[in-house]
Each structure stands twice: as C-alpha cells, then as structure tokens.
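Each remark here refers to the structure printed beneath this line.
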Amino acid sequence: QVQLVESGGGLVQAGGSLRLSCTTSGGTLSVYVMGWFRQAPGKEREFVAKITWTGWTSSYADSVKGRFTISRDNAKNTVYLQMNSLKPEDTAVYYCNAVDPGTLKPYFASWGQGTQVTVSS
C-alpha cells in the first residue's frame with residue numbers, strides 16, 4: 001500500500017520560495033499521474049498541480065500558474081513542488097496524491113500527514 005510522505009514546508013515571507021517533496025514509504029509513484037493539493041483553514045482541499053508519469057506534461061490551478069512548478073524524479077520515487085513568489089493566500093497544508101487526470105480528483109483514498117506552508121505578509 002502506498003503511504004505518502006510530504007516534507008519541505010515552513011514559514012516564509014511573501015515573495016519567498018519553498019520546495020516541497022513527496023515520496024512514499026511503500027510502493028512506487030512512477031506509474032501514476034501525481035499531483036499536489038492544498039487545504040487552507042476553513043476551506044476544502046483543492047487541486048494545485050499535476051504531472052504525467054513521464055514528467056513531460058504538467059498542469060496547474062489558475063491561482064498558482066506561473067509561480068509554482070511541479071516535477072518528478074522517478075528514480076528517486078519523488079515528486080516536487082517548487083513554489084516561488086509566495087503569497088499569504090498560499091498558506092495551507094499541502095498534500096500529494098495520485099491524480100485522476102480526467103477529473104483532477106485524488107486517486108488514493110488515504111492521505112499523508114501533509115506539510116504546512118505559512119506565508120507571512
């Protein structure tokens with residue numbers, strides 16, 4: 001069973017950058033379309049970005065387009081999210097999951113613990 005593990009979050013000032021990582025303690029991520037989701041306080045979890053298993057194609061939510069970049073290293077079984085020009089509204093817990101490419105909904109029923117990103121103004 002795939003158990004997702006996210007890391008790399010922290011506290012950063014607006015305009016700053018962070019790089020999140022996602023790996024698994026069991027199974028492989030390389031056969032899946034992978035993505036990042038986030039959940040801000042009092043809000044539902046939302047799609048942020050996804051990347052195909054080859055790493056050749058990615059797509060983003062409009063709110064992060066041009067600022068965030070998703071990538072993957074299948075040899076390391078790891079997916080990354082480079083976040084630049086961070087805004088206070090990016091504050092959330094960030095999660096990775098496999099993504100249904102048609103619906104953009106998460107594929108695995110279970111989630112990791114997530115990683116907190118806090119952007120101060």
Side-chain angles (χ1 to χ4, degrees):
Q1 184 177 353
V2 173
Q3 293 181 314
L4 300 162
V5 181
E6 301 91 348
S7 62
L11 173 63
V12 64
Q13 288 188 333
S17 299
L18 284 172
R19 188 195 195 201
L20 308 183
S21 298
C22 166
T23 188
T24 176
S25 59
T28 179
L29 302 179
S30 63
V31 299
Y32 298 101
V33 174
M34 290 298 299
W36 287 91
F37 298 78
R38 67 186 182 185
Q39 187 167 21
K43 296 187 177 181
E44 292 189 353
R45 190 148 33 197
E46 63 177 0
F47 167 81
V48 174
K50 69 175 176 71
I51 188 167
T52 55
W53 71 272
T54 60
W56 293 346
T57 305
S58 57
S59 61
Y60 302 87
D62 288 344
S63 58
V64 306
K65 203 172 293 183
R67 300 187 297 120
F68 291 10
T69 302
I70 188 171
S71 61
R72 67 191 302 163
D73 185 337
N74 287 337
K76 295 183 178 179
N77 207 31
T78 302
V79 179
Y80 304 98
L81 185 68
Q82 177 67 44
M83 305 187 297
N84 298 329
S85 302
L86 282 161
K87 304 176 180 180
E89 51 263 44
D90 295 318
T91 295
V93 179
Y94 284 71
Y95 304 86
C96 66
N97 204 320
V99 178
D100 182 320
T103 64
L104 301 184
K105 291 187 181 298
Y107 182 78
F108 299 130
S110 62
W111 295 85
Q113 83 288 351
T115 186
Q116 175 71 49
V117 172
T118 303
V119 185
S120 63
S121 57

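On a predicted model such as this, the values are computed, not experimentally measured, just so you know.
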TODO: Apply side chain to side chain contact (heavy atoms under 4.5 Å, CB included) to the pair S120 and V12, showing each step before the final yes or no.
DONE: CA-CA 6 Å; S120 63; V12 64; over 6 Å; no
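- I70 and V33 end up in different hydrophobic clusters when Ile, Leu, Val, Met, Phe, Trp and Tyr side chains are linked at under 4.5 Å.
- Cation-pi contact between R38 and Y95: absent, since separation from the ring centre below 6.0 Å together with deviation from the ring axis within 45° is not met.
- In terms of modelled atom types and a separation under 3.5 Å, the side chain of Q39 and the main chain of A92 share no donor-acceptor contact.
- Remark: the backbone N or O of Y94 is not paired with any side-chain donor or acceptor of T115 at under 3.5 angstrom.
- Put simply, the side chain of R72 gets close to the backbone of T52: a donor and an acceptor are under 3.5 Å apart.
- A salt bridge does not link K87 to D90: none of the charged nitrogens lies less than 4.0 Å from a carboxylate oxygen.
- In this structure, R67 and M83 have side chains that are not in contact, with every pair of non-hydrogen atoms separated by 4.5 Å or more.
- Ring orientation note: the planes of F37 and W111 are nearly perpendicular, at an angle over 60° on the 30°/60° scale.
- Nearest heavy atom pair, residue E6 against residue Q113, reads O-NE2, 2.8 Å.
- Between N74 and W53 the shortest heavy-atom distance is ND2-O, 2.9 Å.
- Counted within 6.0 Å of NZ on K65, heavy atoms from surrounding residues, nucleotides or ligands total more than 12; the atom is thus considered enclosed.
- Using modelled atom types and a 3.5 Å distance limit, the side chains of E89 and T91 yield no donor-acceptor pair.
- A donor-acceptor pair under 3.5 Å links the side-chain atoms of N97 to the main chain of F108, judged by distance alone.
- Residues F47 and Y60 keep their aromatic ring centres 6.0 Å or farther apart.
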Task: Verdict with supporting geometry, I51 and W36, side chain to side chain contact (heavy atoms under 4.5 Å, CB included) - done: CA-CA 9 Å; I51 188 167; W36 287 91; over 6 Å; no
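- The main-chain N or O of G15 is never found under 3.5 Å from a side-chain atom of S85 such that the two would form a donor-acceptor pair.
- Put simply, the side chain of V99 does not reach to within 4.5 Å of the side chain of K105, judged on heavy atoms.
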TODO: Before giving the answer on side chain to side chain contact (heavy atoms under 4.5 Å, CB included), spell out for D73 and Y80 the whole-Å C-alpha distance, their side-chain angles and the decisive distance to 0.1 Å.
DONE: CA-CA 8 Å; D73 185 337; Y80 304 98; 4.1 Å; yes
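- With hydrogens and angles disregarded, a donor-acceptor distance shorter than 3.5 Å links the side chain of T24 to the backbone of Q3.
- At least one side-chain heavy atom of Y107 sits under 4.5 Å from a side-chain heavy atom of Y32.
- Two residues are said to be in side-chain contact when any heavy atoms from C-beta on lie closer than 4.5 Å; L29 and V2 meet this criterion.
- A donor-acceptor pair under 3.5 Å is formed between the side chain of T78 and the backbone N or O of K76.
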Task: From CA spacing to verdict: side chain to side chain contact (heavy atoms under 4.5 Å, CB included), V79, C96 - done: CA-CA 8 Å; V79 179; C96 66; 5.7 Å; no
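- Side-chain contact of S17 with N84: a donor-acceptor pair under 3.5 Å is present, judged by distance alone.
- M34 and F68 fall within a single hydrophobic cluster, where Ile, Leu, Val, Met, Phe, Trp and Tyr side chains are chained together by heavy-atom contacts under 4.5 Å.
- The two residues C22 and L4 make their nearest non-hydrogen contact at SG-CD2, 4.2 Å.
- Distance OG1/T69 to CZ/R19: 11.0 Å, rounded to 0.5 Å.
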